[in-house]
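Okay, structure first, notes after.
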2 protein chains.
Amino acid sequence: MKKKRPTLQDIADRVGATKMTVSRCLRTPESVSEGLRERIFSVAESIGYIPNRAPDLLSRATSRSIGVLVPSLTNQVFADVIVGIEALTEPAGYHLMLAHYGYSPELEERSLASLLSYNVDGVILSDHHHTPRSLRMLETAGIPVVEIMDTYQAPLQQAVGYDNVRAAFDMVSEMIRLGRRRVIYLGVRLDERTRQREQGYRQAMEAHGLTPVALHSRQRSSYSVGAALLKQILNDYPDTDAIFCTNDDVAVGAYFECQRQGMDVPDRMAIAGFHGHDVGQAMTPRLASVITPRQAIGEAAAKMLLATLQGETTNERVLDLGYRIECGGTL
Amino acid sequence: MKKKRPTLQDIADRVGATKMTVSRCLRTPESVSEGLRERIFSVAESIGYIPNRAPDLLSRATSRSIGVLVPSLTNQVFADVIVGIEALTEPAGYHLMLAHYGYSPELEERSLASLLSYNVDGVILSDHHHTPRSLRMLETAGIPVVEIMDTYQAPLQQAVGYDNVRAAFDMVSEMIRLGRRRVIYLGVRLDERTRQREQGYRQAMEAHGLTPVALHSRQRSSYSVGAALLKQILNDYPDTDAIFCTNDDVAVGAYFECQRQGMDVPDRMAIAGFHGHDVGQAMTPRLASVITPRQAIGEAAAKMLLATLQGETTNERVLDLGYRIECGGTL
DNA sequence: ACCGGCCCTGTTACCGGTAACATCATGTAA
DNA sequence: TTACATGATGTTACCGGTAACAGGGCCGGT
């Protein structure tokens, strides 16, 4: 027996006008006579009117909302990206609809369907790989799409990010330049970007005639996993002199394990991570890492999407925001 | 000139039936004759029909979605909570609408209005303090509300969490029991829970006749801030023998600074954090911390909300999921 | 043969805003 | 005074599903 929430009609009844007039008053107050306007606002306030987007959703198939699909919310990287996106969409009056899919394309498909069923005006996607069905849906929905985090592959429409392969290549090359020869790659999960970084790592190793060795954990990324992987290295490849980790969590976890083993970093073991998160930058020695412009990526993606929604057309399809190699004290 | 996305009518036209029949077929396939059913599904597939929730939103003021308001997404704590919530809402067919408000009640109000304008069926809130307008909106919306993270204050309807004051009290008492006398509290930002932990800290100190000292940073929580605060302590209160930090980031940051200063932990300085995140648990010495059941809180909140939405009534208003004091190696 | 019921499908109306158009009063220039 | 612009408000229809009700064909039992 919950009471229905107030509508424009309820306001109209109380001030003796039609809901059309009330609608006008709330949208363009100056188009309504002063006395009426004041009464309408006062009644709206007193009965606690809350705008209702449902009719808009229905009649104009527009929701003033943007769907954002990220693989994981617990991954700090995407939290930063989202902050960047919202910094632009919120002032523009767009509501963000977030969904995460745990790195599974099937779940991405379901989440996408859910977002589209709410008539989102545009979507931001975090992976390049989508199911055929997802692609179909995006096509029939006919809304703007921006893909983020990677510039390596051809985008559906537009993309913002950096080149994961090249970033990994550069970091590993730097390690080799500094004299490391037995560099191992540490990965977790098997998402796209982890594979791309591995690819860059392999290219760098092979370019210098070195043999690439990659270790993976199937668990989700964590400090503990980094520690466990380092133990495995000491066991299986005891003469390793450097590790390049797919992210900072793993790198810092591995560093903790080095400490426990009394293994000097970087003399005996060099360590590099990816993304340049605060943990690594706050510890001593400072963690070597590829610093990525996560928040800027979010902002740029939102900017692109909003521009397209406002009808602007551009022929710039891919925006590369680059990265920075931070050597820190662990190389 | 974007093409309209397919509707039930489009399917109906192609199979020579009415949209009502198509609607029935998609919802309860067995209520439609076999031949028609097959044609409908095949056409739906071929034109790429995507369900549209807008009409439901409008005609039944229900969206099968739940609004979740968290202060921050970059705060790992809430990422965990969200994972817990979604673990229950997703299988139940509810879509999560996330919004964050940066610890500002005014922004919370705006976010809440936005969620309500999409006719969410229920909301989960992360703070106890709301603007009068927010309270009004919740009341007129007439939807179930669950507040999370704290059991200290009387809930609007229902609440799930743990007692921040008591948790802090217990941790600080433990530090004192182990011989610490000049324990300082390190806080960041001034959100509710930080203040509650400070309150628990003060109670513990005063219960033992000790003088409480609290230091705050106005910056958002980070490892760097923890390090900076520790430096400040060494300068202003050089004989401090323990710090209790409002969260693990600050605690670990402070620990890094102790390392840099060559200050032994825990002999010279004991350190305790809050939440029991993986960083602290993976490092050596393991960080003392109050381990909170974040994911379980999310799950319990979702369970409560779903139960209420299914019409169940309960007189259990507050669910306390407790916490655990982990002494680690830093006390 | 007739009736009742079942199964399948169709018809109508509705949800709550707002675009588009209609109406009406007042003002103002010719 | 007439004609027409201007401003304020009302009327109608629509968006896309689905609840509720209305047929109509067919079957079996009497």
Side-chain angles (χ1 to χ4, degrees), chain A residues 2-40 44 47-65 113-114 116-121 140-142, chain B residues 2-40 44 47-65 113-114 116-121 140-142:
Chain A
K2 65 191 250 188
K3 55 177 177 309
K4 207 175 55 64
R5 74 184 224 188
T7 67
L8 291 187
Q9 187 64 59
D10 297 326
I11 300 176
D13 292 347
R14 279 176 180 69
V15 301
T18 60
K19 58 176 181 165
M20 188 65 236
T21 305
V22 178
S23 167
R24 264 193 286 257
C25 180
L26 297 185
R27 295 169 61 83
T28 47
E30 66 281 8
S31 69
V32 168
S33 64
E34 196 185 330
L36 190 51
R37 186 194 317 158
E38 278 166 15
R39 273 159 54 225
I40 287 175
I47 67 173
Y49 175 73
I50 305 168
N52 186 353
R53 284 200 220 230
D56 246 55
L57 259 183
L58 180 55
S59 62
R60 296 193 295 175
T62 189
S63 55
R64 288 198 80 73
S65 69
S114 183
L116 292 177
S117 77
Y118 286 104
N119 284 334
V120 291
D121 299 345
T140 58
Chain B
K2 65 191 248 187
K3 55 179 179 303
K4 207 176 54 65
R5 73 186 224 187
T7 67
L8 291 188
Q9 187 64 58
D10 297 326
I11 301 177
D13 292 346
R14 279 175 181 69
V15 302
T18 59
K19 59 176 180 165
M20 187 66 236
T21 304
V22 178
S23 167
R24 262 191 289 256
C25 181
L26 297 184
R27 296 170 63 82
T28 47
E30 66 282 6
S31 70
V32 168
S33 64
E34 197 185 327
L36 191 51
R37 185 193 320 156
E38 280 166 14
R39 271 160 55 226
I40 288 175
I47 67 172
Y49 175 73
I50 305 168
N52 186 353
R53 284 200 220 231
D56 247 55
L57 259 182
L58 179 54
S59 62
R60 297 191 294 178
T62 187
S63 56
R64 287 198 82 71
S65 70
S114 182
L116 293 176
S117 77
Y118 287 104
N119 284 335
V120 291
D121 298 346
T140 58

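Each chain gets a letter, A, B and so on, in the order its sequence line appears, and its residues count up from 1.
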Closest non-hydrogen atom pair between B/D56 and B/R60, with its separation: OD2-NH2, 2.6 Å

Once you round it to whole Å, what is the distance between C1' of D/dG17 and CZ of B/R60? 9 Å

Minimum heavy-atom separation for B/R39 to B/V15, with atom names? NH2-O, 2.6 Å

Mind checking the CG-CZ spacing from A/L8 to A/R24? Nearest 0.5 Å is all I need. 12.0 Å

Stretch residues 6-18 of chain A: residues that reach within less than 4.0 Å of DNA chain D through a heavy atom: A/A17, A/T18

Kindly state which residues belonging to residues 28-38 of chain A come within less than 4.0 angstrom of DNA chain D, counting heavy atoms of the residue only, listed by number. A/V32, A/S33, A/L36

Indicate whether OP1 or OP2 belonging to D/dG16 is found under 4.0 Å from a side-chain N or O atom of B/Y49. no

Rounding to the nearest 10°, end axes of the helix from C/dA1-D/dT30 to C/dA30-D/dT1 built from five pairs each make an angle of 60°

For residues A/Y49 and A/V22, determine if any side-chain heavy atom of one lies less than 4.5 Å from a side-chain heavy atom of the other. no

Rounded to whole angstrom units, what separation is found between the CG atom of A/D56 and the C1' atom of C/dA19? 11 Å

Round to the nearest Å and state the distance from B/K19 atom NZ to D/dA19 atom P. 13 Å

Between CG of A/L26 and P of D/dT9 the distance, given in whole Å, is 14 Å

If each of A/T21 and A/S59 is mapped to the nucleotide of DNA chain D with the nearest heavy atom, which maps nearer the 5' terminus, i.e. the 5' end? A/T21

So, does A/Y118 use its side chain to make a donor-acceptor pair with the main chain of B/S63 at under 3.5 Å? yes

Ignoring hydrogens and angles, state whether a donor on the side chain of A/R53 or B/S117 is under 3.5 Å from an acceptor on the partner side chain. yes

Tabulate atom names and distances for all N/O pairs under 3.5 angstrom spanning the protein and nucleotides 20-26 of chain C.
none

How close or far is atom P of C/dG17 from atom OH of B/Y118, stated in whole angstroms? 15 Å

Any side-chain N or O of A/R53 below 4.0 angstrom from OP1/OP2 of C/dG17? no

Go through the structure and list residues passing salt bridge (Lys or Arg N to Asp or Glu O under 4.0 Å) with B/R27, not counting sequence neighbours. none

When you measure from the side chain of B/N119 to the backbone N and O of B/T62, does any donor-acceptor pair fall under 3.5 Å? no

When you compare the side chain of A/L58 with that of B/L57, does any pair of heavy atoms fall below 4.5 Å? no

Check the pair A/T140 / B/R5 against side chain to side chain contact (heavy atoms under 4.5 Å, CB included), numbers first and verdict last. CA-CA 6 Å; A/T140 58; B/R5 73 186 224 187; 5.6 Å; no

Name all residues meeting the side chain to side chain contact (heavy atoms under 4.5 Å, CB included) criterion together with B/Q9; count only those two or more places apart in sequence or in a different chain, and write none if there are none. B/T7, B/A12, B/D13, B/K19

Once you round it to whole Å, what is the distance between P of C/dA19 and CG of A/L58? 14 Å

Report yes if a side-chain nitrogen or oxygen of B/S23 is closer than 4.0 Å to either non-bridging phosphate oxygen (OP1 or OP2) of D/dG17; otherwise report no. no

Shortest non-hydrogen pair, A/P55 vs A/N52, comes out as CD-O, 3.4 Å

Taking all heavy atoms of A/V32 and all of A/R37, pick out the closest pair and write down the distance. O-NH2, 3.1 Å

